[in-house]
Protein chains: 2
Amino acid sequence: MVTINDIAKKAGVAKSTVSRYLNNGSVSTQTREKIDKIIKETGYTPNTFARSLKAQKTNMLGVIIPRLNSSSTNEVLEGIDATARELGYQLIITNSDQNLERELENIQTLAIQKVEGIIMLARQITKQHIDLINQASLPFLFIGQKAGTIHSMIHQDYEAGKQIGEYALGLGHRHFLYVGVPEYDQAVGIDRKKGFLDTLKKEKSSEVEYIETTFSRTIAYEKALKFLPETKATYIVCATDNIAVAVLKAASELGYRVPEDFSLSGFGGYEATSYVTPTITTVSYPYKRLGEESVKKIDLLINKKTVPMLSELGNVLEVKESTKEYKES
Amino acid sequence: MVTINDIAKKAGVAKSTVSRYLNNGSVSTQTREKIDKIIKETGYTPNTFARSLKAQKTNMLGVIIPRLNSSSTNEVLEGIDATARELGYQLIITNSDQNLERELENIQTLAIQKVEGIIMLARQITKQHIDLINQASLPFLFIGQKAGTIHSMIHQDYEAGKQIGEYALGLGHRHFLYVGVPEYDQAVGIDRKKGFLDTLKKEKSSEVEYIETTFSRTIAYEKALKFLPETKATYIVCATDNIAVAVLKAASELGYRVPEDFSLSGFGGYEATSYVTPTITTVSYPYKRLGEESVKKIDLLINKKTVPMLSELGNVLEVKESTKEYKES
DNA sequence: TTGTATGCGTTATCAG
DNA sequence: CTGATAACGCATACAA
């Protein structure tokens with residue numbers, strides 16, 4: 001490996017001169033040219049580790065994601081990537097494979113790598129998380145779930161549920177099926193559902209059945225094959241777009257027509273909802289922007305600015321083909 | 001920041017003793033316990049940079065991907081992630097956003113970061129790539145495209161095209177439409193297509209129309225709205241599953257029925273092909289395994305073992321609902 | 001403008 | 001088993 005010393009020797013100067021050349025630049029034109037040439041010849045690049053060691057700064061940002069093959073995750077990542085690049089951060093992305101142990105492990109690993117801050121796309125936040133994060137004592141930001149004592153950035157999930165509720169009631173529907181996910185996920189499992197249910201309460205004549213599934217398309221699909229023939233709902237609300245796509249698939253398999261037999265909607269605004277037939281009504285979430293904002297926020301945190309503990313991003317209802325008015329038949 | 005020195009002082013020993021404790025472990029039980037306690041109290045973690053500086057080893061692997069929101073990319077990443085973890089590598093994932101400049105930039109960046117090796121999910125390989133890689137002179141592996149002088153790992157795209165060709169001919173089809181992508185992509189744009197076309201040549205009575213689109217679903221969708229009413233093909237071959245999904249969407253929009261009006265197939269084996277109606281026949285590629293194998297290969301490269309310049313992974317035809325026999329009507 | 005000397009946190013060598 | 005010391009590659013205060 002060629003070092004600053006080699007360059008210095010070959011150029012017949014002190015290594016501090018080379019260092020100056022590399023940084024400030026207070027060097028005579030002569031030596032500058034000499035060094036210039038030699039660096040090109042040797043293909044020398046400064047050693048980042050030595051630099052970081054000296055500067056006590058790594059310019060690296062850690063990102064922890066729950067899984068790779070998720071479109072929402074990827075959109076968030078896109079936003080993170082773009083803004084990180086803009087602000088001069090190098091990204092270390094670690095995958096925790098929806099596994100609590102690995103999540104904690106990754107926090108550790110990133111802390112050891114001395115990243116300047118960590119952004120974590122959260123599923124559930126446990127005491128272990130909090131403890132570990134406090135212990136690591138570096139700027140930390142949760143995305144997607146809120147944690148009281150740690151900075152977080154979330155979607156307005158309660159609002160989103162409310163939007164769908166109001167929209168569906170407005171269409172005249174009174175009998176609903178809510179296909180949800182477990183409550184360990186505060187944002188999706190609880191807030192989103194609660195927003196919906198609370199809205200329905202305003203309409204006394206409404207009824208809601210509830211089915212719980214997981215984030216997996218396959219599992220949702222299999223459950224749908226069973227519950228679709230049994231439900232009396234005229235409107236099915238799925239907790240995620242993925243689930244909605246799976247339910248739609250099962251429906252078409254079983255010979256139901258959407259929205260003629262029942263209306264269907266999801267949450268998320270995934271691209272997939274636009275490429276199935278019918279296209280699926282959804283509440284679209286600004287995932288990419290969430291990623292962008294999160295980097296800006298952690299950057300502020302890193303630079304010791306004060307930022308609000310919690311930021312919320314709004315979302316917007318996208319009416320497509322899978323929902324229609326309910327008319328007494 | 002708490003360092004090995006702090007620990008040493010508090011424990012009343014030399015820092016070399018602490019270092020030994022951290023590594024080999026030749027320390028008396030007494031001092032071991034003392035150090036143990038202090039490290040826990042202070043939450044000390046060794047500084048990776050100092051370590052890397054000393055060890056001249058970073059244990060980091062660079063990965064360059066063309067874009068984040070691609071299911072094939074993500075499956076490859078899953079494989080890479082899993083195996084990297086197994087082999088003890090830390091991943092630095094950089095996104096080049098389908099941009100040549102950024103690709104070259106990323107190679108630079110990763111080289112500067114002193115990663116031990118780079119895996120790049122390639123689109124096209126230019127002389128600039130080759131030059132830069134040779135200059136960086138570190139283990140490098142292309143995935144998805146082959147480069148003569150640099151190690152690469154690819155899918156059998158020509159074979160895949162052939163498989164579809166033989167299958168379609170076997171169903172009795174003679175009039176085809178191939179929806180392809182530009183030839184700057186050697187694997188998908190050329191090999192895949194050529195495998196298909198070469199196979200058709202064996203059947204004199206066959207005819208092929210050709211339409212070129214891009215990897216974008218939206219663009220493919222819009223093109224399909226135009227070409228579907230015009231084509232006489234009874235079998236449409238799409239160069240990727242994404243394109244196939246888009247064409248299917250356009251078809252259902254226009255009132256065509258698949259496979260009654262025409263058969264349709266893609267390449268890739270993306271999950272999406274299973275969640276549309278009808279499900280789409282495809283040649284599935286072992287993306288995840290590709291990721292796994294690639295890490296194993298670069299690990300070999302890093303450890304100076306000799307490995308073949310080129311590795312190929314096979315793929316398998318998955319017949320689903322979107323294709324059926326052609327019968328003279 | 002240039003060179004010398006020192007320290008960043010760690011590991012390894014070599015006496016003790 | 002333990003401690004002093006040098007070295008990794010770089011940046012910088014200070015002196016020349």
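Remember, predicted model here, so these are calculated numbers, not experimental data. Every chain is numbered from 1, with letters handed out A, B, ... down the list of sequences.
- For D:dG9, one of the phosphate oxygens OP1 or OP2 lies less than 4.0 angstrom from a side-chain nitrogen or oxygen of B:Gln56.
- One end of the helix from C:dT1-D:dA16 to C:dG16-D:dC1 points its axis 40° away from the other end's axis, with each axis taken from 5 pairs and the angle rounded to 10°.
- Residue contacts for A:Thr31: at a heavy-atom cut-off of 4.0 Å it reaches the sugar-phosphate backbone alone, with no base atom in range.
- When atom types are taken as modelled, the side chain of A:Ser96 and the backbone of A:Asn106 share no donor-acceptor pair closer than 3.5 angstrom.
- Among D:dC1, C:dG3, D:dA11, the nucleotide with an atom closest to any side-chain atom of B:Ser28 is D:dC1.
- For the pair B:Lys34 NZ and D:dT2 C1', the interatomic distance rounds to 11 Å; values are reported in whole Å.
- Between D:dG9 and A:Asn5, no contact under 4.0 Å exists linking OP1 or OP2 to a side-chain N or O.
- One can place CD1 of B:Ile35 at 13 Å from P of C:dT10, the figure rounded to the nearest angstrom.
- Rounding to whole angstrom units, NZ of residue B:Lys15 and C1' of C:dG9 are separated by 7 Å.
- Of the listed nucleotides (C:dC8, D:dC1, D:dC10), C:dC8 has the atom at the smallest distance from the side chain of A:Leu53.
- Using a 3.5 Å distance cut-off with no hydrogens or angles, the side chains of A:His155 and A:Glu312 do not pair a donor with an acceptor.
- Remark: C1' of D:dA7 and CZ of B:Phe49 are 20 Å apart, rounded to the nearest angstrom.
- Counting any heavy atom pair closer than 4.0 Å across all strands shown, A:Ser19 reaches a base atom.
- Proximity of a side-chain donor or acceptor of B:Asn23 to a complementary backbone N or O of B:Ser19 within less than 3.5 Å is detected.
- The aromatic rings of B:Phe49 and A:Phe49 lie tilted to each other, with the angle between the two planes from 30° to 60°.
- For B:Lys54, taking side-chain heavy atoms from C-beta onward, the closest of the listed nucleotides D:dG9, C:dT10, D:dG3 is C:dT10.
- Checking the phosphate oxygens (OP1, OP2) of D:dA11, a side-chain nitrogen or oxygen of A:Arg51 falls inside 4.0 Å.
- Listed nucleotides: C:dG9, D:dT2, C:dT2. Nearest to the side chain of B:Asn47: C:dG9.
- For A:Val13, counting side-chain heavy atoms from C-beta on, the closest listed nucleotide (D:dA11, C:dG3, D:dT5) is C:dG3.
- In this structure, the CG atom of B:Asn23 is 17 Å from the P atom of C:dG9, given to the nearest Å.
- Applying the ring-ring contact (aromatic ring centres under 6.0 Å, His included) test to every pair with at least one member in residues 4-34 of chain A, sequence neighbours left out, gives no pairs at all.
- In this structure, CE of A:Met1 is placed 12 Å from P of D:dC8, rounded to the nearest angstrom.
- B:Ser72 contributes no side-chain N or O that, together with a main-chain N or O of B:Ser70, makes up a donor-acceptor pair within less than 3.5 Å.
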Residues A:Ser311, A:Lys297; criterion side-chain hydrogen bond (donor to acceptor under 3.5 Å, both in side chains); working and verdict: CA-CA 9 Å; A:Ser311 324; A:Lys297 187 159 175 174; 2.5 Å; yes
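- Here the side chain of A:Thr17 is nearest to one of C:dT11, C:dT2, D:dA11, namely C:dT2.
- Residue-level contact check: B:Ser16 touches the bases, meaning some heavy atom is under 4.0 Å from a base atom.
- Look at A:Asp131 and A:Lys127 and you find a salt bridge, because one of the NZ, NE, NH1 or NH2 atoms lies within 4.0 Å of a carboxylate O, short of that distance.
- We find that CD of A:Gln30 is positioned 8 Å from P of C:dT2, with the value rounded to whole Å.
- Note on B:Tyr21: nothing from the nucleic acid sits closer than 4.0 angstrom, heavy atoms only.
- Across the protein-nucleic acid pair, B:Arg20 atom CZ and D:dT2 atom C1' stand 5 Å apart, rounded to whole Å.
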